[in-house]
Amino acid sequence: MANFPRRRGKNGTPAASKASRFSKFVRQPVTDGTGKKTLRRRGIYLLPNAFTTAALFCGFYAIVMAMNQKFEHAAWAIFIAMILDGLDGRIARLTNTQSEFGAQYDSLSDMVSFGAAPALVIYEWSLRGMGKLGWLAAFVYCAGAALRLARFNTNIQVVDKRFFQGLPSPAAAAMVAGFILLMNDLEFAGNQLAWVSWTIALFAGLTMVTNVPFYSFKDVNFRKSVPFIVVFLLALFFALISIDPPKVLFPIFVAYGLSGYAVFFWRMAKGKPVSIIQTDPEH
């Protein structure tokens, strides 16, 4: 067989083959017990990404249900996505399976479940009859969720861990879904509440992109022992939700959505820094 000369690069050195140039995206060298290097295929962690995929499915399901005029199903799907989104990160940390892929996948899932889905659900339920004003409010919400997620990813290393910068997108989605559930439970039609829906969509969308601090609960130590009364109050809380979920969940998330402004003005009145992006510890 004829020996053809190897292709050379611009500096005269032999050019790498196509397989070798792209092999780092497929395999990575590892060292076995004898010190000999072997190749292992790269992969992704199954457990946390399975929860992220389930949350993504719930967001997509909510959109489909809204298109089929089944708004109660759509609202509950958003709530289930919220629970799954809270689990995937904790599971990744507990099992030591965090990865950059998982972080990016989680953000994309959040954009569908807590950005596009709530905007489309409330538009189909109540805002469609308002014409341009209706879809503009839905777009403001969707754009606010996208900007909120992008800012969270870029500021994650500099933001005070005790607070979120702006309303978290799952809480904003829960506010929208909770309102739909409550009004359906009270037998109000969406077109009767168009301006209320418009206000909620704008409030949630704009609050996501503000610098208002919202308590993150990340400094709560779940491994620390607590008094017995705390466990009893937690059981009472879940019992109250189970009695009438629509009438309990919506006020909870409205209260959380307003709590950030209460913290904001309290800090301003006390002369404390309003911004939660800090380089020095707060005294």
* Asked: Going hydrophobic residue to hydrophobic residue with side-chain gaps under 4.5 angstrom, can you get from Y141 over to L147?
  -> no
* Structure fact -> Nearest heavy-atom approach of V263 to P213 is CG1-CG, 3.8 Å
* Could you give me the CA-CA distance, side-chain angles and deciding distance for L206 and V140, then say whether side chain to side chain contact (heavy atoms under 4.5 Å, CB included) is met? => CA-CA 7 Å; L206 294 176; V140 168; 4.1 Å; yes
* **Heavy-atom closest pair, residues A55 and L84** => N-CD1, 3.7 Å
* Output, in order, the C-alpha distance, side-chain angles, deciding distance and verdict of side chain to side chain contact (heavy atoms under 4.5 Å, CB included) for T199 and L202. => CA-CA 5 Å; T199 303; L202 275 184; 6.0 Å; no
* Does P168 reach the side chain of R148, with side-chain heavy atoms less than 4.5 Å apart? -> yes
Just distance, no hydrogens or angles: give the donor-acceptor pairs under 3.5 Å from side chains in residues 63-78, sequence neighbours left out.
from: N68; atom 1: ND2; to: V64; atom 2: O; distance (Å): 3.3

* Just by distance, with hydrogens left out, do S169 and D110 show a side-chain donor and acceptor under 3.5 Å apart? -> no
* Asked: Between F179 and W125, how do the two ring planes meet: parallel, tilted or perpendicular, split at 30° and 60°?
  -> perpendicular
* Within 45° cone and under 6.0 Å: R151 NZ/CZ vs F164 ring -> no
* Asked: Which heavy atom of Q165 sits nearest a heavy atom of N211, and at what distance?
  -> NE2-OD1, 2.8 Å
* Asked: So L133 and W198, side chain to side chain contact (heavy atoms under 4.5 Å, CB included) or not? Walk me through it.
  -> CA-CA 8 Å; L133 283 176; W198 187 85; 4.2 Å; yes
* Evaluate the criterion side chain to side chain contact (heavy atoms under 4.5 Å, CB included) for residue pair N49 and F101; output intermediate values, then yes/no. => CA-CA 9 Å; N49 290 306; F101 173 86; 3.9 Å; yes
* **Test item: C142 and M111 side chains (from C-beta on) under 4.5 Å apart, heavy atoms** => yes
* Under 3.5 Å, is there a donor-acceptor pair linking the side chains of T53 and Y105? -> yes
* What is the minimum heavy-atom distance between L167 and M208, and which atoms define it? -> O-CG, 3.2 Å
* Might you confirm whether atom OH of Y261 has over 12 heavy atoms from other residues, nucleotides or ligands at distances under 6.0 Å? => yes
* So do the side chains of V176 and V121 get within less than 4.5 Å of each other, counting heavy atoms only? -> no
* Check side chain to side chain contact (heavy atoms under 4.5 Å, CB included) between S107 and all other residues, then give those that pass, not counting sequence neighbours. => N153
* More than 12 heavy atoms of other residues, nucleotides or ligands under 6.0 Å from OH of Y256: is that the case? -> yes
* Asked: Under 6.0 Å between the ring centres of F214 and F163?
  -> no
